Asks: 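One structure is given below, represented as structure tokens, and several questions about it will come after.
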Amino acid sequence: MTLHSRDAGQAAGRARGRMVERLRGQGITDERVLAAMMQVPRHKFVDEGLAYSAYDDTALPIGYQQTISQPLVVARMIEILRAGRELGRTLEVGAGCGYQAAVLSFVATEVYAVERIRPLLDVARENLRPLRLPNVRLKCADGSLGLPEAAPFDTIIVAAAAQSVPSSLKAQLAPGGRLMMPLGTADQRLVMVERQGNVFKESRYEAVRFVPLLTGME
């Protein structure tokens, strides 16, 4: 490792530490989630030209009209899903650049991340490779259909907004499982669905902004 790369790594580590302290100040209290956010080098998941903004509390473009979610939203969604339980077998819909799958790998038993845009999935694969995360599997698939061959899931996290929760995702939720996604178009809110037998209980949380959940593959 060159002196320059070591300095850059240390600077990124300090920036990550500041991000985690900011998340704490913004109300994130789950220490496992904060530790996971500290583990993942977010600057490695964005274009080099945007690396200086990687630890700001903002969403950033990753190409293909997609974004990497702001750190607070990633931490918040995972914290809500984890409250009082383990994530277990987890499906992520909308892998994007792979960042959230990396964070999830530190708090979930298994992570199945699906992405409908094949070139973006290739980017995620490249981003994740150096981290050598044995419990993350990536697949090019229409996320609105879930991943039936790996179901049921204890946790489903969707990084795109829809008007309602796709019935296929509800069907792939294990008994006692939880699903979280943004619902709405112009006005979006985080919504968590908990499966209690064949009853699905919804809880609504804060306003957010996500790209729309699209069907089909590219």
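This structure is a prediction, so every number in the text was calculated from the model and none was measured.
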Asks: Between Q26 and D57, is any side-chain donor less than 3.5 angstrom from a side-chain acceptor?
Replies: yes
Asks: Please list, chain by chain and in numerical order, all residues satisfying side chain to side chain donor-acceptor pair (under 3.5 Å) with Y64, sequence neighbours excluded.
Replies: none
Asks: Considering only residues two or more places apart or on different chains, which pairs with a residue in residues 148-163 satisfy salt bridge (charged side-chain N to carboxylate O under 4.0 Å, His left out)?
Replies: K139-E149
Asks: Going by salt bridge (charged side-chain N to carboxylate O under 4.0 Å, His left out), name the residues that satisfy it together with E21, two or more places apart in sequence or in a different chain.
Replies: R24
Asks: So, does R195 use its side chain to make a donor-acceptor pair with the main chain of G177 at under 3.5 Å?
Replies: no
Asks: Scan for salt bridge (charged side-chain N to carboxylate O under 4.0 Å, His left out) pairs involving residues 176-186, sequence neighbours excluded, and state none if there are none.
Replies: R178-E194
Asks: List the residues meeting ring pair (Phe, Tyr, Trp, His ring centres under 6.0 Å) with F106, not counting sequence neighbours, and say none if there are none.
Replies: none
Asks: For the pair E206 (side chain) and L190 (backbone), establish whether a donor and an acceptor sit closer than 3.5 Å, ignoring hydrogens and angles.
Replies: no
Asks: With the 4.5 Å side-chain cut-off for hydrophobic clustering, are L145 and L214 part of the same group?
Replies: no
Asks: Check salt bridge (charged side-chain N to carboxylate O under 4.0 Å, His left out) between R137 and all other residues, then give those that pass, not counting sequence neighbours.
Replies: E110
Asks: Sequence neighbours excluded, which residues qualify as salt bridge (charged side-chain N to carboxylate O under 4.0 Å, His left out) partners of R129?
Replies: E126
Asks: Which residues, ordered by chain and number, are linked to I156 in its hydrophobic cluster, where ILVMFWY side chains connect at heavy-atom gaps below 4.5 Å, directly or through other members?
Replies: L91, V93, Y112, V114, L147, F153, V158, V165, L169, L173, L179, M181, L183, V191, V193, F200, L213
Asks: Side chains of S144 and D142: any donor to acceptor distance under 3.5 Å?
Replies: yes
Asks: Here's a test for you: under side chain to side chain donor-acceptor pair (under 3.5 Å), which of R14, R42, H43 qualifies with Y55?
Replies: H43
Asks: Any side-chain hydrogen bond (donor to acceptor under 3.5 Å, both in side chains) involving residues 163-172? Give me the pairs, sequence neighbours left out, ordered by first then second residue.
Replies: none
Asks: My understanding is that a hydrophobic cluster links ILVMFWY residues whose side chain heavy atoms are under 4.5 Å apart, including indirect links. Using that, what else belongs to the cluster containing V199?
Replies: none
Asks: Is it the case that the side chains of T215 and R116 hold a donor-acceptor pair, with the cut-off being a distance below 3.5 Å and no angle test?
Replies: no
Asks: Should we say atom CZ of R118 is surrounded by more than 12 heavy atoms from elsewhere, each under 6.0 Å from it?
Replies: no
Asks: Taking salt bridge (charged side-chain N to carboxylate O under 4.0 Å, His left out) as the definition, give me every residue that meets it alongside E48, ordered by chain and number, with sequence neighbours left out.
Replies: none
Asks: Kindly write out the residues that satisfy side chain to side chain contact (heavy atoms under 4.5 Å, CB included) with D30, not counting sequence neighbours, or none if the list is empty.
Replies: R32, V33, E79, R82
